[in-house]
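Keep in mind the model is a prediction, meaning the values are calculated, not measured. Labels below follow one simple rule: chain letters A, B, ... track the order of the sequence lines, proteins then strands, and each chain is numbered from 1.
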Amino acid sequence: MLARNAERVYWLGRYVERIENTARLLNAFSHVMMDLPQSKKLRWDMLLKIMSSEQGFTKKHDEYLTENIITFLLVDADNPGSIRSSVKAARENARTCRDIIPLESWEVLNELNLLVKRSMDKALNRRYRYQFIEDIIGLCQQFNGMIYNTLSRNQSFDFLIMGNLVERADMTTRILDVAAGILLRRNSDVQTFDTVIWSEILKATSALTMYRTMNGPRISPENVLYFMLCEEEFPRSMKFCLSVMRGLVSVLPRNESFCEQLSRVEKQLALCEDKIIIEPEELHIFFDEVQKGLSALHNEIANIWFLKAYDSTPALSHSQTQTQTQT
Amino acid sequence: MNWDIYDSTPFFDEVLEKSSTPRPVAKHLYTYLQSLEKKELHERKQGAEHCIEEMGVSFTIYSEGSNIDRDWPFDIIPRPIPADEWRQVETGLKQRIKALNLFINDIYNDKQIIKDGIVPQHLIDGSSNYLAPCEGITPPHGVWANVSGIDLVRDGDGVLRVLEDNLRIPSGVSYMIENRQVTKRTFPELFDSHSILPISDYPIHLYEMLASLAPPEIKHPEIVVLTPGIYNSAYYEHSFLAQEMGAQLVEGADLFVDDEDFVYMRTVSGPCRVDVIYRRVDDVFIDPEVFNEESMLGVPGIMRAWTKGNVAIANAPGSGVADDKAIYAYVPKMIEYYLDEEALLPNVKTYLCYEKNDFKYVMDNLENLVVKPVNESGGYGIVIGPRSSKQEIEDCRALIKADPRNFVAQPMLDLSTAPVITDTGISPRHLDLRPFVLQGEDCWVTQGGLTRVAMIEGSLVVNSSQGGGSKDTWIVEDHEATEEITAEETKAC
């Protein structure tokens with residue numbers, strides 16, 4: 001396939017995954033806040049930390065008010081990480097490679113775009129927000145279902161799913177990093193509510209039911225971290241993402257350096273597999289390393305297979321602008 | 001919404017102190033509802049109904065023939081209870097369950113309480129819930145009633161009283177959890193201005209309690225939920241709890257007992273040992289070898305496994321002996337007898353028809369009393385004197401005369417009310433409260449419980465099988481510091 005198209009479907013995969021993850025995160029967070037007593041609430045800017053968009057936020061707003069943060073993450077066109085921006089970017093990438101993805105999946109993205117456009121204002125009202133977010137999640141899943149069931153297992157599929165997986169692994173580690181950073185450092189008097197919070201974190205990654213079938217309902221930070229990072233059977237765990245990536249890449253040409261980098265990330269993960277890290281400082285360093293590893297994986301993909309591979313001069317191309325908006 | 005349209009009642013109202021003054025615990029709720037237009041309130045009601053359909057919350061009414069699944073009737077206005085009041089109720093419930101379990105264990109073993117003349121022997125002899133095959137057994141931690149639903153009512157003076165102990169297979173806890181989910185979607189704003197204690201951790205506590213029944217050497221016990229199947233009225237709850245606990249939901253046919261009296265479930269990978277069974281099948285159906293031999297719902301040999309201690313069953317077979325409505329009258333005495341304490345939660349005055357004086361009183365005052373068969377549950381067979389025809393009262397009189405042991409009578413209660421949304425506006429309805437108590441190695445009580453409402457005007461029957469609905473129950477923390485933060489935050493949003 002064209003290197004240009006490979007890059008587009010890859011980003012399409014990433015954005016769709018990002019939209020769904022952000023939506024889930026917002027719903028889970030709203031939910032957990034209702035369960036926490038006044039004095040023990042979390043801070044909404046935790047979400048900005050997870051999305052790495054604190055800087056963008058403080059440029060526009062002076063105060064971390066709940067409504068501002070939600071608006072910023074949901075519908076702010078100036079925030080490249082908002083759901084609205086991601087929907088636009090997903091659709092834009094799909095628009096330029098319509099010939100290689102199933103027609104219906106393109107239509108779903110249009111529907112998603114229309115939903116955001118039409119219901120944006122209404123969604124800022126708390127009462128409708130839940131439904132709005134659920135609808136977004138539903139459309140993302142519809143898109144993914146179509147990809148899995150109607151797209152040939154060709155290179156378009158490979159790159160689209162690679163995009164999915166890189167984004168998913170990235171988001172999972174971000175959520176866990178920030179959440180663990182806050183929860184494991186809290187005073188013991190507020191920790192009674194931590195079970196509620198950890199279970200919402202599982203919900204944010206649609207992992208709750210599967211976690212329970214593995215571990216029963218007992219929720220401990222160790223088990224949650226292990227499940228999200230190292231569980232082999234769960235399709236959203238970091239380990240699963242990496243192993244699917246390896247399978248996809250095995251049929252792509254010139255994959256050696258990617259596979260080497262993949263092995264490095266797997267090795268980092270193995271550190272946690274032997275004994276789950278729970279000490280906050282150490283855990284943060286671990287996540288930092290894993291994220292660097294993931295970002296290196298992304299760079300490998302871009303350097304080996306995308307248009308960039310043909311560039312002798314690293315000029316600012318379209319692809320790089322997109323890369324900059326990824327976080 | 002204008003509270004003027006709410007007709008005040010002569011009863012204790014959970015939300016309003018006087019016709020236009022909210023109780024302190026309901027202050028925010030009152031002003032919030034006041035701020036909503038009537039139209040908006042109805043929209044939210046519809047939203048909640050839609051949400052219930054979407055979540056698939058349903059229950060079954062046996063008399064409805066082929067329609068086995070019905071949406072859960074729910075009123076969107078929550079029922080608030082102050083946290084400090086709840087803490088006292090919680091202590092009272094723990095005390096009660098402790099005594100009841102000591103009683104059951106005593107009855108199946110030494111029968112000391114009978115020997116000491118506190119509870120009459122004939123009550124046990126006449127009880128259909130007393131199961132002789134359970135004699136001589138002491139289940140783990142000496143506990144028989146592991147999951148109990150204690151029905152509380154608030155009387156005219158605002159005092160919470162125990163109306164019934166449900167110690168067999170009480171249901172409703174899934175609705176308690178789902179009600180909260182619906183309320184969060186219906187009134188998300190209310191959760192900003194209140195500190196409402198979360199309730200979603202029930203399944204974790206249930207799991208921990210069940211795990212505490214397994215032999216201590218088993219680190220990860222295999223726990224299953226045993227359901228009678230999809231035709232049971234509480235099937236929704238069985239699957240809900242299994243899912244929330246990550247436990248297998250099994251039917252009798254999924255289990256078998258081997259020659260060495262161990263219980264296994266039939267899995268794809270071969271037989272798998274089961275350590276703890278949370279049974280939602282009536283005890284007389286659990287083992288055709290011992291009890292009802294026609295039963296297709298049970299597992300032949302399961303009682304052998306249980307008596308040998310090879311499997312734990314919750315609630316223990318035979319626990320129903322203490323949820324007999326005549327035994328109920330003796331609970332305050334039990335608490336004194338076993339714990340040497342005064343009962344913290346009062347009972348409702350109960351006349352025992354087998355006692356001479358009580359019998360006479362009941363016969364003379366039948367038209368003013370509520371008569372209940374002692375071994376029934378779910379509100380079946382209850383006769384409410386003031387609401388019955390002459391013929392019905394005479395029929396009831398004949399039944400009592402034929403078998404006085406089988407009936408108790410209670411005065412008409414001034415059950416408390418709370419506002420519910422009706423087609424015409426807002427109106428008071430009677431309600432009760434069923435908290436759930438878990439007793440294994442430790443004792444734990446839900447924060448609040450399931451509030452059941454008689455949706456029909458004036459009705460006192462709250463059972464879902466008889467047209468009752470329910471409400472979300474809030475245990476509300478209330479302290480000055482909280483108030484200030486709330487005010488600021490509300491402004492900020």
Q: Would you mind reporting whether A:Phe193 and B:Pro198 have side-chain heavy atoms less than 4.5 Å apart?
A: yes
Q: Side chain from CB out, backbone as N, CA, C, O: work out which of these in B:Pro203 comes under 4.5 Å of a heavy atom of chain A, or both, or neither.
A: backbone
Q. Hey, which of B:Glu244, B:Glu54, B:Gln243, B:Gln181 has the most heavy atom pairs under 4.5 Å with chain A?
A. B:Glu244
**Q.** Heavy-atom pairs under 4.5 Å with chain B, option from A:Asn215, A:Leu208, A:Thr209 with the top count
**A.** A:Thr209
Q: Between chain B and each of A:Pro217, A:Ser30, A:Gly216, count heavy-atom pairs under 4.5 Å; write down the option with the most.
A: A:Pro217
Q: Could you grab the distance from atom CZ of A:Arg212 to atom CD1 of B:Ile204, nearest 0.5 Å is fine?
A: 7.0 Å
**Q.** Among the listed options A:Asn68, A:Asp35, A:Ile219, the residue most often paired with chain B at heavy-atom distances under 4.5 Å
**A.** A:Asp35
Q) Could you give the distance from CE (B:Met245) to OG1 (A:Thr213), rounded to the nearest 0.5 Å? A) 13.5 Å
Q) Going by residue number, which parts of residues 206-216 of chain B are within reach of chain A, meaning a heavy-atom gap below 4.5 Å? A) B:Tyr207, B:Glu208, B:Ala211
**Q.** Listed partners of A:Tyr148 passing side-chain contact (heavy atoms from CB on, under 4.5 Å), at least two apart
**A.** A:Arg153, A:Phe157, A:Ile161
Q: Drop me the distance from B:Ile196's CD1 to A:Leu36's CG, to the nearest 0.5 angstrom.
A: 11.5 Å
Q | Enclosure of A:Asp274 CG (heavy-atom neighbours >12, cutoff 6.0 Å) | A | yes
Q) Would a 4.5 Å heavy-atom cut-off, applied to side chains only, mark B:Asp192 and A:Arg126 as touching? A) yes
Q. Roughly how far, to the nearest 0.5 Å, is OG of B:Ser200 from CE of A:Met34?
A. 12.0 Å
Q. So how far is it from A:His31 NE2 to B:Arg185 CZ, rounded to the nearest 0.5 Å?
A. 8.0 Å
Q) Heavy-atom count around A:Arg43 CZ within 6.0 Å, excluding the residue itself: above 12? A) no
Q) Given the options B:Arg44, B:Gln248, B:His220, which has more heavy-atom pairs under 4.5 Å with chain A than any of the others? A) B:Arg44
Q) So, do A:Arg127 and B:Glu189 sit near enough that their side-chain heavy atoms are less than 4.5 Å apart? A) yes
Q: Might you confirm whether atom NZ of A:Lys60 has over 12 heavy atoms from other residues, nucleotides or ligands at distances under 6.0 Å?
A: yes
Q) Which bit of B:Gln447 is near chain A, if near means a heavy-atom gap under 4.5 Å: side chain, backbone, both or neither? A) neither
Q: Would you mind checking which part of A:Tyr64 comes under 4.5 Å of any heavy atom in chain B, side chain (CB onward), backbone (N, CA, C, O), both or neither?
A: neither
Q: Assess whether atom CD of A:Glu232 is packed by more than 12 heavy atoms of other residues, nucleotides or ligands within 6.0 Å.
A: no
